[in-house]
Asks: 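One structure is given below, represented as structure tokens, and several questions about it will come after.
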Amino acid sequence: MLLYIDPGTGSMLFTILIGVLSAGFYFLRDVFVKLKFRMSGGKVSADENAQKLPVVIFSDHKRYWNIFEPILDELERRGVKAVYMTESEDDPGLSKTYENVEGRFIGTGNKAYAMLNMLKASIVLSTTPSLDVFQWKRSPDVDYYIHIAHMPNDITTYRMFGLDFYDAILLSGNYQGEQIRMLEKLRGIPEKEIEYVGLPYMDVMRERVLREKRPENKVRTVLLAPSWGESGLLKKYGEKLIDALVDTGYKLIIRPHPQSFTSEAEMIEALRKKYPDSDMLSWNRDTDNFNVLNESDILLSDFSGVVFEYALIFDKPVICTTAEFDSAPYDCAWIKEDLWTFRILPKLGRELKPENITSVKELIDECIESSEFAKGREEARNETWLYQGEGAKRTADYLMRTLQRVSKEAEKQTEDMDLTVQPA
Amino acid sequence: MNILTILHAIFIKPLELIFELIFVIADRVVANPGIAIIVLSLTVNFLVLPLYRQADKMQEEERKTEEKLKDWVTHIKKTFRGDERFMMLQAYYRENDYRPYYALRGSLSLLLEIPFFIAAYRFLSTLSLLQGVSFGPIADLGAPDALINFGGLSVNLLPVLMTLINIVSGAVYTKGAPLKSKIQLYGMALIFLVFLYRSPSGLVFYWTLNNLFSLAKNIFYKLKDPAKALKILISVAGILLAAYFAVKSSYSVKSRIVFIFAGALMQLPLLWKFIPFRPDLTGKGKADTPLFLAAGGFLALYTGSLLPSAVIASSPAEFVDILDPSDPVSHVVLSLCLSVGLFVVWLGVFYYLSSEKGKKYFVLLAWIASVAAVVDHMFFGTDLGILSSSLRFDMEPSFTRKQYLFNLGILLAVALIAYLVIRKKQKIVLALLLAGVCACLVMSTVNAVKIHKQFLVTKKITEESGGFPEIELSRNGKNVIVIMMDRMAGYLLPYIFYEKPELYEKFDGFTYYPNTVSSGIRTCSGAPGLFGGYEYTAWEFNRRSDETMVDKHNESLKVMPALFLENGYHVTVCDPPLANYEVIPDLSIYDDYPEIRRYITIGRVYQDAYNSASRSVLLNRNLFLYGIMKVSPLVLQKRIYDHGNYNSSELTSEYAVVDQVDDGLSKAYGLDPTFMGSYNVLDHLWELCHIEDTDENTFMMMDNDTAHSPATLQEPDYLPVDNVDNEAFDDANHIRYAADGSSIDLRPEKVYWDEDLSWKMQHYQVNAASFLVFGKWLDFLRENGVYDNTRIIIVSDHATNLELWEDLIYYDAEKDKKDDLTFYNSMLLVKDFNAKGFTTDDRFMMNCDVPTIAMEGLIKDPVNPFTGNRIDSSAKEKEKIPLFYNWVWETEKNNDGYRYKPDLWFTVDGDVLDPESWECLGAQ
């Protein structure tokens with residue numbers, strides 16, 4: 001156990017080096033600042049503070065742009081200066097024109113971490129977990145790290161210790177707060193600040209749902225949207241499932257996971273050949289999934305985040321498989337209770353099992369017709385989506401409030417330091 | 001000096017030093033090495049008892065933490081791989097305020113045991129005091145015990161006994177502990193058995209006692225209230241101790257009082273809670289670790305670096321081994337390692353393993369000790385005389401009871417002030433200590449730079465003074481030889497010659513001038529006149545105040561060689577004293593006279609037995625202890641100084657050839673390197689002389705320190721031997737007589753310096769030894785037919801202050817110093833060509849007459865080539881010449897570059913051993 005170092009750990013050493021260098025740098029700069037303090041008679045020069053960014057939003061992938069866009073829009077509207085840092089060079093956030101928000105591509109991987117680990121900012125908002133656990137370390141010059149979730153369900157499904165080193169967590173459901181508190185207690189770590197803000201990105205989608213009229217379907221439309229890999233629906237059940245769905249006489253939209261077109265190209269090609277596009281069957285590869293989600297009446301999928309978006313935003317039933325879920329590497333391994341996800345899922349629709357594939361029509365009908373599932377969706381929304389429609393506003397409110405408080409505290413600290421370095 | 005030496009000096013050496021001091025002091029009290037080992041074991045074990053208690057506590061804590069974290073650590077290790085596993089563990093440990101190296105705490109007692117064992121092993125397995133000493137059934141504590149014999153096959157019983165105790169102790173300790181701990185303990189027991197089986201029984205005995213102690217400790221821990229039991233035990237032991245010394249009258253009253261008092265003190269732990277007023281001196285709040293470190297660092301730098309570097313910097317050349325020059329800065333580095341090891345590392349370990357309250361006391365005491373150290377060093381014992389390169393003072397330091405009390409009073413006041421300061425203004429304390437640390441660093445660096453620079457000069461000089469000395473003597477021409485015997489005392493000759501009548505024969509043709517004085521009492525003030533005549537007395541030095549001191553000095557050393565060279569003599573010069581004001585003479589002063597053959601002989605001739613490496617080891621240790629002495633209260637200084645032995649346990653063996661250690665007045669071990677460096681030259685002088693069958697004339701002048709280096713020699717032949725035992729001889733002969741019936745007591749009841757007996761005895765011996773080896777050389781000259789054609793002058797630059805006659809001691813009230821007027825009575829022995837018999841001439845002489853005598857009849861009307869003045873002895877007829885009593889001998893301190901700084905001057909008129917002849921001119 002002692003001094004365990006894996007032999008193949010180039011990046012480890014790099015991390016250590018970065019750590020050492022940033023510590024050394026920090027130390028030197030600290031000394032330098034203190035020296036400067038004395039030389040200048042204890043006055044802080046203007047640009048010393050100016051270098052510190054007030055609000056930084058960090059995204060490790062462009063796929064999270066939808067999480068941050070509504071928040072940035074709100075900040076822009078309020079005239080709050082913010083910097084959006086992303087690890088994706090083609091992040092849409094970089095091309096969007098803002099007046100107050102500056103987009104920055106900060107490189108990827110270690111280059112990005114090196115920059116982030118020495119960042120100077122009052123508050124940093126991010127949806128990337130494992131701060132200070134993996135290579136992304138807390139910068140000594142950032143006053144406050146705030147996490148915002150990018151899914152509407154359990155907050156305990158990150159890799160272990162995922163949120164422990166954040167200062168605050170923005171949540172959308174009370175049970176999530178309870179989960180955080182439970183982990184804190186089990187691990188004996190100080191309580192983080194918890195703020196319920198809702199789900200800004202889901203608000204945006206919900207608005208769109210309300211705005212754009214849903215087409216009237218003559219026949220029930222089934223959306224089959226599997227994920228990829230060994231446990232993906234297509235790989236697992238393939239033709240058997242498609243045949244059963246075709247037999248229902250309902251309209252079928254198959255939307256494979258984008259990754260399938262590269263990783264499982266052969267299988268997809270064979271299926272497309274066997275089930276060519278027709279009136280009743282279509283293959284969908286739209287970049288924006290809104291239309292296909294909007295158009296369908298029910299979603300068939302393996303278990304993934306889209307299930308919740310479909311049920312909560314579009315308010316339509318789902319049928320999905322429950323993947324075998326090994327909680328060992330995740331925060332939830334610490335908590336004995338079942339995940340909220342697995343508690344709520346049966347209330348949102350039926351489970352697809354090998355033995356009920358042949359009776360999939362009955363499953364679909366039951367899910368669409370039963371009011372029990374509509375009630376289930378309502379319950380889920382109540383539990384996991386507080387403050388619907390207020391997400392961006394509440395997030396921005398919180399950020400501004402926190403910025404003010406944190407800056408004031410930092411200022412006071414500087415003053416204290418000022419006093420201690422004053423010659424007696 | 002490599003990294004291992006440094007690590008050893010930091011981590012092990014301090015422990016060895018503590019072991020050594022405890023053992024030496026114990027052995028001195030009980031006079032039995034076996035019992036001293038018991039005392040050592042008990043003391044060390046009680047000292048480290050709190051350390052181990054805390055270590056055990058932390059071990060327990062660590063075990064609990066590990067137990068607490070175990071489940072999730074297992075989970076993480078099972079779940080994650082590679083980097084992620086490492087990072088997850090890190091995060092988990094961090095959340096639990098746990099660092100992976102904390103696991104070391106689990107083996108803390110074991111880890112602590114290692115340096116203690118190494119130190120004990122190194123100390124006891126080579127300890128010469130154990131060699132051949134029997135103890136109980138053990139025949140020789142310095143060898144394996146071999147107590148059991150099966151028909152020629154001997155078995156060492158002690159190691160077996162030790163292991164048995166160890167196993168029993170382990171069984172008690174690990175009762176109910178996991179198997180891992182048991183295996184660890186029994187494994188250790190076996191390792192020790194194998195490791196120590198063939199070791200000296202003294203060492204095994206020590207380790208057996210440790211195991212016994214540990215067994216007792218483990219049984220104690222199993223008691224209901226171990227603390228109370230311990231207190232009762234201490235109390236009972238104290239009562240027994242006091243009772244023993246109360247009835248046992250064979251010990252001195254002083255030590256009996258000390259032990260009875262110690263016994264009374266041992267009642268304190270038990271009675272402590274009944275004492276109504278128990279002050280808490282430390283106040284509230286947490287212990288200030290930076291403060292402790294700053295104080296420890298300050299003490300370490302002050303004693304280990306500042307004071308040692310100052311000593312060496314005062315005369316770096318003396319610390320350079322002429323045969324194998326190496327930079328003396330390394331001595332400072334190593335003594336600093338030792339002091340850092342003691343004050344920062346080991347004291348730090350004790351600090352770290354103390355309770356919060358204990359820590360606060362550590363901080364308090366370290367701070368008070370720092371202040372007291374500075375006060376002691378700066379204001380007390382500042383004038384202890386000349387320190388040799390073996391860190392011995394010229395004279396035994398002595399203090400009056402008044403001085404002791406004054407010192408203690410001041411220290412008490414200082415401690416009180418220091419205490420108030422730390423309680424009221426703690427912030428100032430840290431600033432002061434850090435400033436002290438910086439100051440020590442800067443000053444030590446300055447010293448080190450000075451040492452290094454001087455080393456480079458010395459190295460160059462020694463490299464250039466090359467070649468094995470060859471002294472040319474002519475069989476048919478005339479030879480003139482002037483040998484300066486530094487510090488040789490004119491007044492001792494009658495006693496030595498009376499004791500060794502054969503010397504009259506050996507010194508056939510010599511005239512002894514008992515009524516001789518020098519112009520000063522140090523080489524710098526007495527030697528120039530000796531070599532250059534009356535123009536170079538101390539008084540004349542001051543009169544010629546527009547010339548630099550060093551120029552005048554160098555000039556005096558060139559007068560005779562230049563004149564003889566001018567007159568066609570072959571000239572050889574050896575060791576011209578203080579040439580260019582360098583301790584190792586700078587021979588380049590003769591560069592204008594390439595024909596002059598010049599050599600350094602002191603320390604260069606026949607020095608094979610001289611082991612400089614071991615000497616270094618001793619020096620590094622003693623430099624640090626010298627520092628400790630200087631910062632200690634006066635009452636402790638003599639104890640620490642220990643007649644210059646600094647409580648060293650090494651009386652024989654590897655140190656034998658490197659230094660002499662006195663054991664009382666009449667016994668000593670080893671050879672004194674300074675003495676040997678000069679003695680070897682005189683002893684082999686005949687080998688250095690090359691007799692040529694020519695008509696050429698030769699002149700040789702030489703300086704030698706044989707009489708300048710007090711050492712204990714084997715009587716009655718005054719020979720340097722490894723083990724000197726003069727007890728019987730001194731008992732019978734401590735009073736020496738002269739032919740006229742007068743006597744001197746070399747071991748008097750009453751002495752003017754406290755306890756400085758060896759000063760008289762040793763000087764007498766080195767003077768006698770000088771005459772005896774000269775006798776050998778004179779025989780050689782006679783046998784080779786160069787005696788009658790050689791003029792020999794044996795003369796000293798000044799005598800020595802043996803204070804043999806109270807009425808010749810002038811009390812200098814202003815300086816509170818006793819000035820011994822016999823200090824001026826330099827030796828003057830002259831043998832002219834073809835002279836016969838041994839005669840004494842009572843006329844008044846000065847050693848400044850030497851050039852006149854040397855050149856008489858050989859060089860007509862000699863004129864000083866540098867001043868143009870006639871060289872003769874008329875000056876002493878014209879006026880009474882003021883003689884300089886300059887205590888300060890260092891040429892960089894005693895003058896301003898042109899003149900001597902003020903000190904006392906005397907004149908003499910008539911018999912120099914008659915107090916009435918002397919007059920003090922006061923200081924100027």
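Only this structure's heavy atoms are used, side chains among them; waters, hydrogens and symmetry mates stay out. Chain identifiers are assigned alphabetically (A, B, ...) following the order of the sequence lines, protein sequences preceding nucleic acid strands; residue numbering begins at 1 within each chain.
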Asks: Report the distance from atom CG of B/D83 to atom CD of A/Q135, rounding to the nearest 0.5 Å.
Replies: 7.0 Å

Asks: Locate the shortest heavy-atom distance separating A/P329 from B/F80; write the atom from each residue and the value.
Replies: O-CZ, 3.4 Å

Asks: Has B/R53 got more than 12 heavy atoms of other residues, nucleotides or ligands less than 6.0 Å from its CZ?
Replies: no

Asks: Is any side-chain heavy atom of B/Y92 closer than 4.5 Å to one of A/R187?
Replies: no

Asks: Assess whether atom CE of B/M443 is packed by more than 12 heavy atoms of other residues, nucleotides or ligands within 6.0 Å.
Replies: no

Asks: Atom CD in B/Q90, atom CZ in A/F161: separation rounded to 0.5 Å?
Replies: 11.5 Å

Asks: Once you round to the nearest 0.5 Å, how far does CD of B/E84 lie from CE of A/M160?
Replies: 9.5 Å

Asks: Minimum heavy-atom separation for A/A328 to B/H75, with atom names?
Replies: O-NE2, 2.8 Å

Asks: Any chance CD of A/Q259 has more than 12 other-residue heavy atoms, nucleotides or ligands included, within less than 6.0 Å?
Replies: yes

Asks: Give, as side chain, backbone, both or neither, the part of A/D326 having an atom under 4.5 angstrom from any heavy atom of chain B.
Replies: neither

Asks: Assess whether a salt bridge exists between A/D164 and B/R94, defined as any Lys/Arg side-chain N lying under 4.0 Å from an Asp/Glu carboxylate O.
Replies: no

